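Here the structure is a predicted model, which means the values were calculated and not measured.
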Amino acid sequence: YCSVASSSVVGRGATVGPFSAIGAGTTIGRHFRMGTHSAVSHDCNLGDFVSLGNGVDVSGYCEIGDGVYIGPKSTVKNNTRIGKFAVIGIGSCVIRDVADFEIVAGNPARRIGFLAEAEPEPPGSNR
């Protein structure tokens, strides 16, 4: 059992885990994954390929970019923006905006690093 508000829009390929909820006025991109016992509150915008672990709570009016991973049991405060391809560590409490490619963890969540932007492979490489 899960609950998705009728005024929400959920993209293709999305999966919503059991005992989870998506609030009113929320827009979710393609290939979204939401674990069990998670909640995305009202009026949020989530990009494509976003993944929420089990027990994640995203408060209202949040903006979450493409490719973001939010670890299990994490909380995101209302009116927070998380940039594309950011990583939120397990059990984190996000109370400030997170930049693109930034890795944060803790309570409150603090920067612990950055992901390297993907570089194209040179022709003929064996990687």
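- Minimum heavy-atom separation, Gly25 to Ser7: N-OG, 3.0 Å.
- Scanning for side chain to side chain donor-acceptor pair (under 3.5 Å) contacts around Arg111 gives Glu102, with sequence neighbours left out.
- Each of Phe85 and Ile82 belongs to its own hydrophobic cluster when Ile, Leu, Val, Met, Phe, Trp and Tyr are linked at side-chain heavy-atom distances under 4.5 angstrom.
- Of all heavy-atom pairs between Gly23 and Ala5, the closest is C-CB, 3.6 Å.
- Taking Ile, Leu, Val, Met, Phe, Trp and Tyr as hydrophobic and joining them when side-chain heavy atoms fall under 4.5 Å apart, one finds Phe49 isolated, its cluster having no other members.
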Problem - CA sep, side-chain torsions, deciding dist, call: Val76, Ile88, side chain to side chain contact (heavy atoms under 4.5 Å, CB included) - result: CA-CA 10 Å; Val76 180; Ile88 311 300; 5.7 Å; no
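- Applying the side-chain contact (heavy atoms from CB on, under 4.5 Å) criterion to Ser3, with sequence neighbours excluded, gives Tyr1, Ala21.
- Ser74 contributes no side-chain N or O that, together with a main-chain N or O of Cys93, makes up a donor-acceptor pair within less than 3.5 Å.
- Applying the side-chain contact (heavy atoms from CB on, under 4.5 Å) criterion to Ile90, with sequence neighbours excluded, gives Pro72.
- Pairs engaging residues 42-56 under the side chain to side chain donor-acceptor pair (under 3.5 Å) rule: Arg30-Asp48, Thr36-Asn54, Asn45-Glu63 [sequence neighbours left out].
- Nearest heavy atom pair, residue Gly55 against residue Ser38, reads N-OG, 3.1 Å.
- For the residue pair Ser8 and Ile22, the shortest heavy atom distance occurs at OG-CG2, 3.8 Å.
- Remark: Lys77 pairs with Thr80, Ile95 by the side-chain contact (heavy atoms from CB on, under 4.5 Å) rule, at least two apart or across chains.
- The ring-ring contact (aromatic ring centres under 6.0 Å, His included) test applied to Phe114 returns no partner, not counting sequence neighbours.
- Nearest heavy atoms, Asn78 versus Ser59: N-CB, 3.3 Å.
- Judged as a salt bridge (charged side-chain N to carboxylate O under 4.0 Å, His left out), not a single pair has a partner in residues 7-16 (not counting sequence neighbours).
- In this structure, the side chains of Val40 and Ile64 stay at 4.5 Å or more apart for every pair of heavy atoms.
- A distance of 5.5 Å separates CG in Leu46 from CD1 in Ile28, rounded to the nearest 0.5 Å.
- Shown here are the salt bridge (Lys or Arg N to Asp or Glu O under 4.0 Å) partners of Arg81, two or more places apart in sequence or in another chain: Asp100.
- Under a hydrophobic clustering in which Ile, Leu, Val, Met, Phe, Trp and Tyr are joined whenever their side-chain heavy atoms come within less than 4.5 Å, directly or via other members, Tyr61 and Val98 fall into different clusters.
- Cluster annotation: Phe19 is not connected to Ile70 through the hydrophobic network of ILVMFWY side chains, with a link wherever side-chain heavy atoms come within less than 4.5 Å.
- Here salt bridge (charged side-chain N to carboxylate O under 4.0 Å, His left out) pairs that include residues 16-27, with residues two or more places apart or in two chains, number zero.
- Listed by chain and number, the residues in a ring-ring contact (aromatic ring centres under 6.0 Å, His included) with Tyr69 amount to none (sequence neighbours excluded).
- In the hydrophobic cluster analysis, where Ile, Leu, Val, Met, Phe, Trp and Tyr join through side-chain heavy atoms closer than 4.5 angstrom, Val87 is grouped apart from Met34.
- Applying the 4.5 Å side-chain rule to ILVMFWY residues, one finds that Val9 remains a lone member of its cluster.
- Nearest heavy-atom pair, Ser41 versus Gly60, reported as atom, atom and distance to 0.1 Å: CB-N, 3.4 Å.
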